[in-house]
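Here the structure is laid out as structure tokens; the discussion comes afterwards.
Each chain gets a letter, A, B and so on, in the order the sequences are listed, and its residues count up from 1.
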Amino acid sequence: MSEKVRVGFYALTSCYGCQLQMAMMDEILHLLDKVGIECWFMVERNSEEDREVDIAFIEGSVSTQEEIELVKKIREKAKIVIAVGSCAIHGGVQSWDKDKEFNELWKTVYGDAHVKFEPKMAEPVEKYIKVDYKLYGCPPEKKDFLYALGTLLIGSWPEDIDYPVCVECRLRGNPCILIEKGEPCLGPITTAGCDARCPSYGIPCIGCRGAVKDVAWFDSLALEFKRKGLTKEEILERVKIFNAYNPKLEEMVNKIFKEGE
Amino acid sequence: MYIPITIDHIARVEGKGGIEIVTSDEGIKEVKLNIIEGPRFFEAITLGKKLEEALAVYPRICSFCSAAHKLTAVEAAEKAVGFTPRLEIQDLRDLLYIGDMIESHALHLYLLVLPDYLGYSNPLAMVDKYRKEIECAMALKNIGSKIMDYLASRAIHQENAILGGFGKLPTRGQFEELKKELKETLPMAEYTVELFSKFEQYEEVKDKEMIHMAVKPRNGVYGIFGDYIKVSDGFEFPVEDYKKHIVEKVVGHSFAKHSFYNNEKHFMVGAISRIVNNADLLYGKAKELYNQYKDLLRYDNCFANNFAQALELVYFVERAIDIIDDTLAKWPIKERDEVEIKDGFGVSITEAPRGLVAYALEVKDGKVNYADIITPTAMNLAIMERHVRMMAEKHWQDDPETLKLLTEMTVRAYDPCISCSVHVIKL
């Protein structure tokens, strides 16, 4: 390939951790002769959102009217759009309370003050545009970036991850936090790829990579949590930190609590 | 006819912000820093949530200083429930925080600031001509990340730092490995001081009125945690009184608020503010370098913040080695104590890489009943805007590219974390 692959990294509303993760990869230096940065404000002053790119990485949730226009523009100019991280894919932790009135949240934080931008409730990028590939995580692992970039650069296509954290946790031989310690671990429903990092530190999974596609059995996890004494509200609240927009969550958890009593 | 000069999106800072400069025949009419990210309502969304879950969410305010947010929130929560961590745990939190400090300073100085001084638009393009600088940047960034990896599971959004201590501690061998690598990195930190000592601190923003705020370190050595705030005008106050002395106001052009000291004065926080208030508590090589370069560590110029960060790299590398020595002398260490979640209210203010970060948490029935967070960039915004204006007043008739670069450099000197500042403040 003689021509450089044109890449853009765009941020919506986020903590900038996804692009920080990418910027921190030592391997990035090896990519320089293959990749041209068209837009990446965090590292390149000569960045423009209007340029055409081959691969667009988008991090952050859609949280203002201006950002709706921006994602549409990125889609028009990009051949491949990759949603990066929990905010872009699932709306992020800022959508934890998405069912509350937006005005109520605004008032709690800003009082009666107004600003000249048009803020809105955080939403996933996919609500507005077609997304071709997803890099899960809060933030994604460095190897997630390498795998996606590596496969795309050789003209292939990265595969989606369709199994939960538990698979990796078992392979590492960790004692089970959920069964043996009785703590509310979200490993069974959460997309793998982190090599079960938190459970390996004795910390129950908080679900930062989001629910695993199509096979997140919220109902059987809810049943297990219910047996351990958690209420429906407690279960929903914990799972919603990173899954507030999951269409199946409430229905599946409700089922358990209807059947039981 | 004068067209406003706008930088829609300031490059090489954390977050999304812009500068707007409006001029007329007489000169500058208006200078505004526009913060254009959406709001994330961290205080509102954690209300009524379980304390442990809220503590997992707060660090997500910011990636560059997620350990700072985590540890400050955990300390506020522990104060609220009436728990005091063991000294060994406190030391290891200091070490984890130092990892964040080293990584953040290295990224800010080399990735964000250095290209301006060397005439590049991005740091990656410097790699052929400035290999040594890139190697220093990588090594310093990597040791900072590694400290966070080993102590807290990863460099961004760590879950391993929890109430009462840690889920799991590194092994003795891992501490020894960190120590060895820190020693190898020290010359690169010293090189950073030498490198940044050569760069201009622009007289255009010289400001004799500048006030600096920093934590008064708890254990008598230059550092991060403390129970009092020192102000460079000689005033001191306990962290619990922060609301009386740091007052926030909403401004129409951003989702971030501006902060004022005692209701009227602008103030600065950050590495230079720590040096201004606590230089007497430095020791070792950093103290020697401080004496050698005292003239560059100016209280009256925000550009001194870059050099102060370089000096802190040396200090914190040495300090991290000392903490590891102390830790190994006390080995083995128990990773965690049980914390009973009682009702209460607690305030913690610590030194994030870019300055003070404040958390006030009230806990009731195991849930967050009140939360107030003030981030360093929110504190710095008002004075940052003032200095951008000073820079613009001297250069408004120059060509727009010069004006843009110099005003951007002024903003970058503050090492702003814009996503941090878009937040969270309760009125």
Side-chain angles (χ1 to χ4, degrees), chain A residues 11-21 23-24 26 28-29 32 37 40-47 49 60-64 66-67 92-94 96-97 100 104-111 113-117 119-120 122 138-139 197-198 200-203 206 208 234 237-238 241, chain B residues 9-16 36-47 49-50 53 56-57 60-64 66 107 111 115 121-124 127 134 138 141-142 145 153-157 159-160 162 166-168 250 252-255 257 408 419-420 422-427:
Chain A
L12 310 175
T13 292
S14 71
C15 78
Y16 283 64
C18 299
Q19 47 182 305
L20 178 61
Q21 185 80 302
M24 286 204 308
D26 290 356
I28 202 164
L29 293 174
L32 291 178
I37 300 171
W40 188 1
F41 279 101
M42 199 169 86
V43 299
E44 172 58 82
R45 199 165 169 260
N46 176 21
S47 285
E49 283 158 351
S61 62
V62 181
S63 290
T64 61
E66 291 79 359
E67 286 173 346
V93 294
Q94 56 268 33
W96 197 6
D97 257 351
K100 267 197 196 151
E104 190 190 324
L105 294 175
W106 180 266
K107 250 191 140 95
T108 308
V109 177
Y110 296 93
H114 294 280
V115 297
K116 71 177 187 186
F117 310 98
K120 53 180 272 310
C138 182
R197 172 178 281 105
C198 296
S200 304
Y201 278 79
I203 307 284
I206 192 118
C208 80
E234 285 171 328
E237 236 168 58
R238 185 168 176 86
I241 299 176
Chain B
H9 191 159
I10 307 168
R12 298 205 323 275
V13 295
E14 193 278 2
K16 217 193 295 182
I36 48 183
E37 276 182 52
R40 289 184 292 157
F41 306 120
F42 276 92
E43 287 154 320
I45 61 175
T46 52
L47 282 184
K49 301 289 176 22
K50 273 192 185 168
E53 284 166 8
V57 168
R60 264 107 186 162
I61 290 175
C62 171
S63 60
F64 275 61
S66 57
L107 287 170
L111 194 74
S121 65
N122 96 55
L124 302 174
V127 70
I134 294 288
M138 291 284 183
K141 179 258 308 173
N142 284 342
S145 300
S153 83
R154 59 178 169 182
I156 303 171
H157 303 336
E159 308 299 344
N160 187 42
I162 48 175
F166 295 86
K168 188 172 129 190
V250 177
H253 55 279
S254 79
F255 287 122
K257 296 175 184 178
E408 278 185 44
S419 44
C420 255
V422 178
H423 62 303
V424 274
I425 305 307
K426 204 167 179 173
L427 289 177

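- Looking at A:S200, the atoms closer than 4.5 Å to chain B (heavy atoms on both sides) all sit in the backbone: N, CA, C or O.
- At least one side-chain heavy atom of A:R238 sits under 4.5 Å from a side-chain heavy atom of A:I206.
- B:L124 has its side chain out of reach of A:E44: every pair of non-hydrogen atoms, C-beta onward, lies at least 4.5 Å apart.
- When heavy atoms are compared at a cutoff of 4.5 Å, A:L105 approaches chain B by way of both its backbone and its side chain.
- For chain A, no part of B:S66 is nearby; none of its heavy atoms comes within less than 4.5 Å.
- The residues B:K49 and A:E237 are annotated as not salt-bridged, no charged nitrogen and carboxylate oxygen being separated by less than 4.0 angstrom.
- For B:I45, the parts lying near chain A are the backbone and the side chain together; criterion is any non-hydrogen pair under 4.5 Å.
- When the salt bridge (charged side-chain N to carboxylate O under 4.0 Å, His left out) test is applied to B:E408, the partners found at least two apart in sequence or on another chain are A:R45, B:R412.
- Both the backbone and the side chain of A:Q21 come within contact range of chain B, each with at least one heavy atom under 4.5 Å from a heavy atom of that chain.
- Look at A:E234 and B:K50 and you find a salt bridge, because one of the NZ, NE, NH1 or NH2 atoms lies within 4.0 Å of a carboxylate O, short of that distance.
- With sequence neighbours left out, A:F41 forms a ring-ring contact (aromatic ring centres under 6.0 Å, His included) with B:H9.
- Counting heavy atoms from C-beta on, the side chains of A:L29 and B:M138 come closer than 4.5 Å.
- Heavy atoms of A:R197 lying under 4.5 Å from chain B belong exclusively to its side chain.
- Of the listed residues (A:C18, A:C198, A:P139, A:G202), the one with the most heavy-atom contacts under 4.5 Å to chain B is A:P139.
- Of the two parts of A:K100, only the side chain, counted from C-beta on, holds a non-hydrogen atom closer than 4.5 Å to a non-hydrogen atom of chain B.
- A salt bridge links B:R60 to B:E159: one of the charged nitrogens lies within less than 4.0 Å of a carboxylate oxygen.
- Proximity to chain A involves both the backbone and the side chain of B:F64, based on heavy atoms less than 4.5 angstrom apart.
- Contacts of A:E67 with chain B are made by side-chain atoms alone, with heavy-atom separations under 4.5 Å and no backbone atom involved.
- If you tally non-hydrogen atom pairs under 4.5 Å between each of A:I37, A:I28, A:L12, A:L20 and chain B, the highest count goes to A:L20.
- With a 4.5 angstrom heavy-atom cutoff, B:K141 touches chain A only via side-chain atoms.
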